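Notes for the one structure printed next.
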Amino acid sequence: MSSSQNREMGLCFLVCIVSCSFIYVSSQSAVAGNDNSSVSEGTVFIDGKTSIGKIDEDFICATLDWWPPEKCDYGTCSWDQASLINLDLNNNILLNAIKAFSPLKIRLGGTLQDKVIYDTEDNKQPCVQFVKNTSQMFGFTQGCLPMYRWDELNAFFKKSGAEIIFGLNALAGRSIKSDGSAVGAWNYTNAESFISYTVKKNYSIYGWELGNELCGSGVGTRVAAAQYASDTISLYNTVKKIYSSIEPKPLVIAPGGFFDANWFKEFVDKTGNSVNAITHHIYNLGPGVDTHLIEKILDPSYLDGEADTFNSLQSTIKSSATSAVAWVGESGGAYNSGRNLVTNAFVFSFWYLDQLGMASAYDTKTYCRQSLIGGNYGLLNTTTFVPNPDYYSALLWHRLMGRNVLSTSFSGTKKIRAYTHCAKQSKGITLLLINLDNSTTAEVTVTFNSTWRLHQKHKHKLHKPHRSHKLHKPHRSHKSHKSKVIQLPQRSTSGITREEYHLTAKDGDLHSQTMLLNGNILTVNSSGDIPSLEPLHVNSSKPIMVAPFSIVFVQMPYVLPACS
């Protein structure tokens with residue numbers, strides 16, 4: 001090759017790196033020589049020209065709930081001492097688990113929050129704890145938050161660096177009618193006193209959220225959208241008044257329930273700019289007692305179903321005049337406390353990371369996982385506090401996935417889920433690949449596609465995509481750009497390394513509560529320290545291998561327009 005051809009090729013490579021707007025990641029078909037696993041062929045298409053969503057820097061959020069030890073589901077009592085009232089705040093693993101995020105958003109709330117009174121100076125009722133009573137709504141009597149416990153919680157939150165969202169009792173002052181609806185305006189006297197106490201104590205609150213699962217048809221009871229909007233405006237005005245000399249002010253968040261298109265549209269339209277975040281809850285796998293949970297988790301079509309909700313809420317917000325953004329305020333996948341050895345085991349990371357990817361692609365800003373601890377869906381074990389697999393999945397996401405979301409689709413086997421963000425702590429991108437197949441490895445290679453008019457001699461063919469699975473808005477590149485696929489010579493990338501984080505279950509058991517990172521067990525040490533998460537450094541000219549039933553985060557040093 002002549003020196004002029006060398007210069008020309010080098011220039012094309014430089015142009016591609018600087019201005020490329022698409023990446024193809026293609027896996028080539030072959031037969032693996034070990035474990036009898038075949039290798040699937042397929043293509044991940046990433047549009048790197050513009051981002052389709054932008055998540056919060058602190059996108060990952062987890063919840064703490066009010067359920068006492070007597071909360072049982074299907075004969076199993078899985079909450080132990082994990083309530084806001086009785087959680088051991090001196091546990092070192094708990095502290096370290098939260099500090100590792102720097103910061104972790106924590107949403108305090110759940111079903112019983114609408115039966116909690118705050119024992120401030122204005123409270124004239126006795127401050128007694130929840131007592132199990134099946135004749136009462138939600139199965140428990142009214143509970144109370146003593147101010148000494150609120151002080152303890154805030155001391156812990158400050159020490160851990162957590163950002164706190166507090167869910168307020170939205171049923172105060174209402175009466176329940178025979179048709180199950182809650183009527184009357186929200187009596188915010190006790191809430192106002194509680195917020196005032198919090199400000200006087202100089203406790204930092206990221207957001208105040210009104211109510212839990214009272215929207216639409218509600219859980220237990222319901223409140224009409226117009227009334228809820230009026231009450232949210234009351235909360236907004238209360239926060240504005242009490243925090244008059246304080247900046248930044250906490251967010252006002254609502255309604256914290258299941259998405260109902262008509263209810264949410266009316267609520268969003270009537271609250272105007274008196275609400276900052278619109279929260280919805282997700283339990284799309286059904287009840288924890290369901291014996292088909294794993295089948296649902298491993299079914300790509302079932303996972304795709306939740307995209308409709310994300311899309312509808314995004315459309316509702318976009319079509320209104322509100323400046324509010326979408327959050328997932330609570331999501332445990334399987335309701336009634338989840339299912340042991342499923343929602344707290346390795347297999348649940350398939351569902352959880354897929355949810356994080358999908359939510360991001362629809363411009364969701366924050367995603368709150370039910371729960372940080374408690375029930376069978378905790379990021380931490382309810383009794384030992386030891387992190388479950390999803391804790392490490394959440395921490396890797398938090399550290400690797402940046403704010404800008406790139407449109408990503410996969411052609412080939414339906415069992416590969418693919419999501420891409422700009423990288424968080426370095427230049428480049430982070431690709432998340434989830435393999436739901438039990439016997440097929442994906443062998444993935446990287447190819448660039450540039451919208452620049454590159455020299456014809458450098459055009460290389462790529463296999464035609466088939467069976468395209470698109471979770472996000474379809475890319476419009478083929479209509480709007482005359483793009484050419486550029487397959488870079490191996491020596492162009494031979495000096496570049498990428499970082500890979502391969503997550504697998506111990507002994508390949510999907511029910512395992514032990515996760516391996518690049519073949520090494522993840523666990524806390526005797527001091528309760530969270531382990532470091534170290535990547536493999538791989539030559540970028542080599543294909544990415546995604547083993548059966550595994551998850552891979554790949555950080556690649558390619559700078560795209562959407563990330564620059």
Side-chain angles (χ1 to χ4, degrees), residues 31-40 76 78 93 97 285 288 290-300 303 333-334 338-356 369 373 375-397 413 415-417 432-444 499-526 528-536 538 544-554:
V31 177
N34 53 359
D35 297 333
N36 297 318
S37 70
S38 60
V39 178
S40 67
T76 301
S78 59
I93 300 176
L285 298 172
D290 187 344
T291 56
H292 300 287
L293 289 179
I294 288 187
E295 291 167 42
K296 291 177 180 177
I297 292 166
L298 297 177
D299 179 356
L303 296 179
R339 185 181 184 88
N340 190 36
L341 300 182
V342 176
T343 55
N344 53 12
F346 177 83
V347 70
F348 211 50
S349 277
F350 293 148
W351 173 85
Y352 181 40
L353 287 171
D354 191 70
Q355 274 286 299
L356 297 182
R369 164 65 180 262
I373 188 166
N376 286 316
Y377 36 36
L379 295 179
L380 307 178
N381 182 287
T382 305
T383 51
T384 66
F385 292 76
V386 169
N388 285 322
D390 281 359
Y391 172 84
Y392 296 110
S393 294
L395 189 55
L396 275 170
W397 174 289
T413 169
K415 292 285 190 172
I416 291 286
R417 316 287 285 181
L432 167 61
L433 295 167
I434 302 168
N435 189 353
L436 303 175
D437 196 285
N438 66 350
S439 62
T440 304
T441 296
E443 183 178 314
V444 180
E499 296 180 345
E500 295 183 1
Y501 302 79
H502 294 256
L503 301 175
T504 52
K506 187 184 179 190
D507 301 323
D509 178 11
L510 293 183
H511 295 281
S512 175
Q513 291 180 303
T514 301
M515 179 180 262
L516 274 59
L517 169 60
N518 296 327
N520 300 310
I521 288 176
L522 290 171
T523 186
V524 295
N525 64 17
S526 57
D529 298 321
I530 302 300
S532 60
L533 306 176
E534 300 297 336
L536 295 175
V538 182
I544 302 163
M545 306 301 291
V546 190
F549 281 160
S550 78
I551 296 158
V552 188
F553 286 91
V554 187

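The shown structure was predicted, so the numbers you read here are calculated from the model rather than taken from an experiment.
- Judged purely by atom type and a 3.5 angstrom limit, T343 uses its side chain to pair as donor or acceptor with the backbone of R339.
- Within the model, atoms CG of L503 and CE of M515 stand 4.5 Å from one another, a figure rounded to the nearest 0.5 Å.
- Listed by chain and number, the residues in a ring pair (Phe, Tyr, Trp, His ring centres under 6.0 Å) with F346 are F350 (sequence neighbours excluded).
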With side-chain contact (heavy atoms from CB on, under 4.5 Å) as the criterion, how do L396 and L533 come out once you've worked through the C-alpha distance, each side chain's angles and the decisive distance to 0.1 Å? CA-CA 8 Å; L396 275 170; L533 306 176; 3.8 Å; yes
*Take I434 and L353, measure what side-chain contact (heavy atoms from CB on, under 4.5 Å) needs, and give me the verdict at the end.*
CA-CA 8 Å; I434 302 168; L353 287 171; 4.0 Å; yes
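- Here the side chains of E500 and I544 are in contact, with some heavy-atom distance below 4.5 Å.
- Put simply, CG on D354 and CZ on R417 are 4.0 Å apart, with the number rounded to the nearest 0.5 Å.
- Here the shortest heavy-atom pairing between V39 and A442 reads CG1-C, 4.3 Å.
- For the atom pair CG (L436) and CG (L298), the distance works out to 6.0 Å, reported to the nearest 0.5 Å.
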* What's the verdict on side-chain contact (heavy atoms from CB on, under 4.5 Å) for K415 and N438, showing C-alpha distance, side-chain angles and the deciding distance? -> CA-CA 9 Å; K415 292 285 190 172; N438 66 350; over 6 Å; no
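- For residues 377-394, the pairs satisfying side-chain hydrogen bond (donor to acceptor under 3.5 Å, both in side chains) are S349-D390, S349-S393, R369-D390, Q370-Y377, N381-T383, N381-T384, with sequence neighbours left out.
- No side-chain donor-acceptor contact under 3.5 Å links D437 to the backbone of P548.
- Rounding to the nearest 0.5 angstrom, the gap separating the CE atom in M545 from the OG1 atom in T441 is 5.5 Å.
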| query | Could you go step by step and tell me if V342 and I297 meet the side-chain contact (heavy atoms from CB on, under 4.5 Å) rule? | reply | CA-CA 10 Å; V342 176; I297 292 166; 4.1 Å; yes
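- P387 approaches V524 most closely through the heavy-atom pair CD-CG1, 3.7 Å.
- The side-chain contact (heavy atoms from CB on, under 4.5 Å) test with Y501 is passed by exactly one of L536, V552, L517: L517.
- Closest approach of N435 and A547 over heavy atoms only: ND2-O, 3.1 Å.
- In this structure, A505 and L516 approach most closely via the heavy-atom pair C-CD1, 4.4 Å.
- Within the structure, the side-chain hydrogen bond (donor to acceptor under 3.5 Å, both in side chains) test picks out the following pairs touching residues 504-516 (sequence neighbours left out): N344-Q513.
- Distance check: L395 CG to I530 CD1 gives 7.5 Å after rounding to the nearest 0.5 Å.
- Scanning all heavy atoms of the two residues, the minimum distance from D290 to K296 falls at OD2-NZ, 2.7 Å.
- Here I551 contributes atom CD1 and L433 contributes atom CG; the two are 10.5 Å apart, rounded to the nearest 0.5 Å.
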